[in-house]
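Down below is the structure, laid out as structure tokens.
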Amino acid sequence: MCRHLAHVGPRPVTLASRVTEPPHSLLVQAYAPADMRGGGTVNADGFGVGWLAEDGAGHSYRQPVPMWTDASFLDLATAVRSTAFVAAVRSATVGMPVSVGACAPFRDGTRIFSHNGVVRGWPASLADLAAELDTETLMTLDAPTDSAVLWALVRRHLDAGKDPADAVVDVVTRALAAAPGSRLNLLLLIADERGEPTLVATAVDHALSYLVGDDGVTVASEPLDDDPGWTSVPDLSAVVVRGHDATPEVTPLT
Ligand code: GLN
């Protein structure tokens, strides 16, 4: 099962400070994850980062290769600085393609999304929910994967003006009802028109922790180091961080 993280803070930090440099960085979690559940041993089917630049624009970089093989990315990550970003490494679910479009994070402007887990019984189990999407959306999914459908469902709520936390929680709750036993750790980072970020992360049958530090809040599948401040998120809950300086709020999903 993939691993992902998100960071939001008051000052820009390098992507490398969370993605490649810590002792148990996402780069390490790609080849030596500590808490994989439900199959999979490495996260070598691709990776991606999505970030908000200092001018507020959204950017992303994804490749369907193991993160450790992309030397250009390892260099780029030391140069790109951001106050809000998401990163992911992928272990493709059996039957789902290995392609750049299937790599999280998915991005639409300043909306950045990742899914760590699997929808049980996909695609049939998601058919009723997917029927809410218009034909154009279904025909232009980034990839034929469970994660891409979940992203389209979240995006539909955002387009309708729904609060980001409500959008994610609604999709998780309904996907879980439609496909019991699914692993649904979702991450959404979104900036409003003033550039203020909101970060939403769910824990559904998968590992998730967060750390509040001087330079912001980091949410990650696995703690990036042995800092005793890492707090494990209880199963079936959502973590919400609103604004650059905010502290995380953890609430049960139902
Ligand atoms: N099911 C998703 C995919 O195949 C996520 C995979 C995972 O979390 N391991 O892309």
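Counting convention: from 1, in listed order, for ligands and their atoms alike.
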* Asked: Mind checking whether Tyr31 and Trp68 have parallel, tilted or perpendicular rings, split at 30° and 60°?
  -> perpendicular
* Asked: Which option out of His206, Arg183, Arg90 puts a heavy atom nearest to atom 4 (O) of ligand 1?
  -> Arg90
* Numbered atoms of ligand 1 (with element) below 4.0 Å of Asn116, judged on heavy atoms -> 8 (O)
* To do: Measure from the side-chain N and O atoms of Thr231 to the backbone N and O of Gly229, and report whether any donor-acceptor pair falls under 3.5 Å.
  => yes
* Would you mind running through ligand 1 and noting each atom that sits below 4.0 Å from a heavy atom of Gly117? => 1 (N), 2 (C), 5 (C), 6 (C), 7 (C), 8 (O)
* Do any nitrogen or oxygen atoms of Thr145 lie less than 3.5 angstrom from nitrogen or oxygen atoms of ligand 1? -> no
* **Residue Ser91 vicinity, atoms of ligand 1 by number, heavy atom under 4.0 Å** => 6 (C), 7 (C), 9 (N)
* Check ligand 1 against Cys2 and write out every atom of the ligand that is under 4.0 Å from a heavy-atom position of the residue. => 5 (C), 6 (C), 7 (C), 8 (O), 9 (N)
* Could you tell me how the ring of Trp151 sits relative to the ring of Phe113: parallel (under 30°), tilted (30 to 60°) or perpendicular (over 60°)? => parallel
* Mind checking what makes side chain to side chain contact (heavy atoms under 4.5 Å, CB included) contact with Ala246, not counting sequence neighbours? -> Val241
* Heavy-atom count around Asp134 CG within 6.0 Å, excluding the residue itself: above 12? -> yes
